[in-house]
Amino acid sequence: NSIRGVKLIPLEVNSIDPRNDKIFSRVMYRYIWNHAKEIDIMIRFFDYDISRIAALIYKLRNPRGIFYIKMDIDPYAIPNENTGSCIRKMLRFIKNNFLKHFVDILSCETSFAFESLNNTPNSYYQWDDKLIYIPNGFEEESLMSYNITEVDFSHKENVMLTVARLET
């Protein structure tokens, strides 16, 4: 329910499959609309249109709140240029710049992603001074409570661990 005084509120999606982005997004948007004034800092993970629309809804209801997107971005997947017709590029540019206005802070986890985002000519990924570099970390205090000790490198075994949504 909470971690170190930060209250966590899971969204009620009932029997809806949370992997269904459209339905989950509607539930999330409704929650934000109804509770934005109670939220000082709203954090969303990933930089998708869903997060930008969530930022718009949040800022309409709580203009003083802070909207933060923690991106999990693959720097190799950042296109170097806008693609599509001139009209599509122009509409995407207008939409992106409008929605960017409602996002206060974005972070990426690797210095390579940070440099790639800062140097891309693609307007979709240009965030200027809103983009910051914050490497992933962990809560050392909780780790210590599990009595986990560091193993010397020579005693480690070779293990390949995959942490991802493999079905996608």
Side-chain angles (χ1 to χ4, degrees), residues 1-13 16-33 35-36 39-59 62 65-84 89 92-93 95-143 146 148 158-168:
N1 292 336
S2 70
I3 297 175
R4 302 182 121 213
V6 176
K7 185 177 178 184
L8 304 177
I9 303 169
L11 294 181
E12 296 292 329
V13 290
I16 299 168
D17 184 351
R19 292 174 294 186
N20 185 330
D21 285 343
K22 289 181 182 177
I23 295 172
F24 182 77
S25 297
R26 283 189 218 133
V27 171
M28 179 185 66
Y29 297 152
R30 188 177 318 118
Y31 182 87
I32 294 169
W33 182 261
H35 298 279
I39 303 169
D40 298 323
I41 301 172
M42 180 157 183
I43 302 172
R44 281 280 303 151
F45 296 88
F46 311 114
D47 175 30
Y48 296 119
D49 286 334
I50 293 170
S51 291
R52 295 175 187 206
I53 294 168
L56 168 65
I57 295 168
Y58 175 69
K59 287 295 199 166
N62 186 357
I66 296 171
F67 194 91
Y68 165 46
I69 297 176
K70 183 187 184 304
M71 294 193 286
D72 182 18
I73 192 162
D74 176 3
Y76 296 104
I78 300 169
N80 286 328
E81 58 188 42
N82 292 323
T83 55
K89 287 180 190 178
R92 194 177 320 142
F93 179 81
K95 179 187 83 168
N96 289 339
N97 285 325
F98 174 73
L99 292 175
K100 283 178 183 180
H101 175 72
F102 299 101
V103 176
D104 297 297
I105 304 168
L106 292 99
S107 68
C108 54
E109 297 75 31
T110 67
S111 58
F112 183 55
F114 182 76
E115 292 301 320
S116 297
L117 288 166
N118 277 324
N119 294 321
T120 184
N122 188 332
S123 63
Y124 183 81
Y125 293 100
Q126 292 173 348
W127 290 94
D128 302 321
D129 60 344
K130 292 182 178 189
L131 179 67
I132 58 176
Y133 165 56
I134 301 178
N136 285 329
F138 61 93
E139 187 184 14
E140 200 166 337
E141 195 173 291
S142 293
L143 184 67
Y146 293 113
I148 297 173
N158 292 327
V159 174
M160 183 71 73
L161 173 66
T162 302
V163 181
R165 295 181 300 157
L166 297 177
E167 72 275 5
T168 63

Can you tell me how far apart CE (Met28) and CH2 (Trp33) are? Round to the nearest 0.5 Å. 14.5 Å
Student check: side-chain heavy atoms of Tyr58 and Ile39 closer than 4.5 Å: yes
Does Ser2 use its side chain to pair, donor to acceptor, with the backbone of Gly5 at less than 3.5 Å? no
Sequence neighbours excluded, the answer for side-chain hydrogen bond (donor to acceptor under 3.5 Å, both in side chains) partners of His35 is Glu38
List the steps and the verdict of side-chain contact (heavy atoms from CB on, under 4.5 Å) for Leu131 and Phe114. CA-CA 8 Å; Leu131 179 67; Phe114 182 76; 3.8 Å; yes
What's the spacing between Ile69 CD1 and Arg44 CZ if we round to 0.5 Å? 8.0 Å
Any pair with a residue in residues 118-127 that passes salt bridge (charged side-chain N to carboxylate O under 4.0 Å, His left out), sequence neighbours left out, goes on the list, sorted by first then second residue, please. none
Give me the atom names and distance for the closest heavy-atom approach of Thr120 to Tyr125. CG2-CB, 3.8 Å
Residue pairs passing the salt bridge (charged side-chain N to carboxylate O under 4.0 Å, His left out) test with at least one member in residues 101-115, sequence neighbours excluded, are Lys59-Asp104, Lys70-Glu109
Return the set of residues passing side chain to side chain contact (heavy atoms under 4.5 Å, CB included) with Tyr29 (not counting sequence neighbours), or none when no residue passes. Ser25, Ile50, Ile53, Ala54, Ile57
What salt bridge (charged side-chain N to carboxylate O under 4.0 Å, His left out) pairs are there with at least one residue in residues 126-136, not counting sequence neighbours? none
Restricting to side-chain hydrogen bond (donor to acceptor under 3.5 Å, both in side chains), what partner residues turn up for Ser107, sequence neighbours left out? Tyr68
Quick one, Ile66 with Ile105, criterion side-chain contact (heavy atoms from CB on, under 4.5 Å). Give me CA distance, side-chain angles, the key distance, then yes/no. CA-CA 8 Å; Ile66 296 171; Ile105 304 168; 4.2 Å; yes
Is the side chain of Lys100 donor-acceptor paired with the backbone N or O of Arg52 at a distance under 3.5 Å, no angle test? no
What residues, two or more places apart in sequence or in another chain, satisfy ring pair (Phe, Tyr, Trp, His ring centres under 6.0 Å) together with Phe112? Tyr76
Spacing of Leu117 atom CG and Trp127 atom CH2 [to the nearest 0.5 Å]: 10.0 Å
Can you check side-chain contact (heavy atoms from CB on, under 4.5 Å) on Ile43 and Phe67, steps first, answer last? CA-CA 6 Å; Ile43 302 172; Phe67 194 91; over 6 Å; no
Contacts of Tyr146 that satisfy ring pair (Phe, Tyr, Trp, His ring centres under 6.0 Å) - sequence neighbours left out: none
Separation between SG of Cys108 and CG of Asp74, rounded to the nearest 0.5 Å: 12.0 Å
Atom of Asn62, atom of Ala36 and distance for their closest heavy-atom approach: ND2-O, 2.9 Å
